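Below: one structure, written as structure tokens.
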Amino acid sequence: MIAVSKMKLAAKTSCANPVEIYAQGVSELDECSKSKMPLEETTKRTLRNQRSKDNPVDPISLNDLKIESKY
């Protein structure tokens, strides 16, 4: 769905809370499109997951710790 894709992009590029992104995205939809949207909690979880994809992996031991140059 195009609306969810726009929300995912907003989640990656902004610092707004998922609930704010969801509310903004849903407010722009007509009633028919709103009825086809996934559940609110599911969509907000998807938005949080979009942000966490770019996080580095948590190391298990100091041997696994790798500090990249951008940090």
Side-chain angles (χ1 to χ4, degrees):
M1 183 165 234
I2 295 173
V4 176
S5 297
K6 287 181 182 179
M7 289 183 210
K8 286 181 179 180
L9 180 61
K12 284 184 175 181
T13 58
S14 75
C15 294
N17 291 329
V19 69
E20 294 169 351
I21 296 169
Y22 179 80
Q24 176 66 32
V26 170
S27 69
E28 298 171 355
L29 297 176
D30 60 21
E31 291 301 318
C32 181
S33 297
K34 285 180 187 179
S35 67
K36 295 178 183 176
M37 283 287 294
L39 294 173
E40 179 179 358
E41 291 302 318
T42 304
T43 305
K44 289 190 296 187
R45 170 60 55 197
T46 300
L47 298 178
R48 285 190 289 273
N49 288 342
Q50 287 299 310
R51 287 192 176 151
S52 65
K53 281 184 180 178
D54 295 332
N55 292 346
V57 176
D58 292 334
I60 296 172
S61 70
L62 287 176
N63 292 332
D64 296 335
L65 181 63
K66 295 178 184 170
I67 300 174
E68 297 179 14
S69 60
K70 69 177 184 176
Y71 295 107

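Since the structure is predicted, the reported quantities are computational estimates derived from the model, not experimental observations.
- Ion pair Glu41/Arg45 not flagged as a salt bridge, since none of the NZ, NE, NH1 or NH2 atoms sits closer than 4.0 Å to an Asp/Glu carboxylate oxygen.
- Across Ser35 and Cys32, no two heavy atoms sit closer than the pair OG-O, 2.6 Å.
- Inter-residue side-chain proximity for Lys8 and Ile21 is flagged as unmet; no heavy-atom pair is nearer than 4.5 Å.
- Inter-residue side-chain proximity for Met7 and Met37 is flagged as met; some heavy-atom pair is nearer than 4.5 Å.
- Heavy-atom neighbours of Leu65 CG from other residues, nucleotides or ligands within 6.0 Å: above the threshold of 12.
- Without hydrogens or angle criteria, Arg51 side chain to Thr13 main chain gives no donor-acceptor distance under 3.5 Å.
- Ser33 places a side-chain heavy atom less than 4.5 Å from the side chain of Asp30.
- Using modelled atom types, one finds no donor on one side chain facing an acceptor on the other under 3.5 Å when comparing Thr46 with Asn49.
- In summary, the side chains of Gln24 and Glu20 do not present any donor paired with an acceptor at a separation below 3.5 Å, with no hydrogens or angles considered.
- For Pro18 against Leu47, the heavy-atom pair with the smallest separation is O-CD1, 3.7 Å.
- The local environment of NZ in Lys34 is crowded, with over 12 non-hydrogen atoms from other residues, nucleotides or ligands closer than 6.0 Å.
- Atom-to-atom distance recorded for Leu29:CG and Lys36:NZ is 11.0 Å, nearest 0.5 angstrom.
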Applying side chain to side chain contact (heavy atoms under 4.5 Å, CB included) to Ser61 and Asp64, what does each step give before you reach the verdict? CA-CA 5 Å; Ser61 70; Asp64 296 335; 3.6 Å; yes
For Thr43 and Leu39, run side chain to side chain contact (heavy atoms under 4.5 Å, CB included): C-alpha distance rounded to whole Å, both residues' side-chain angles, the deciding distance at 0.1 Å, then the answer. CA-CA 6 Å; Thr43 305; Leu39 294 173; over 6 Å; no
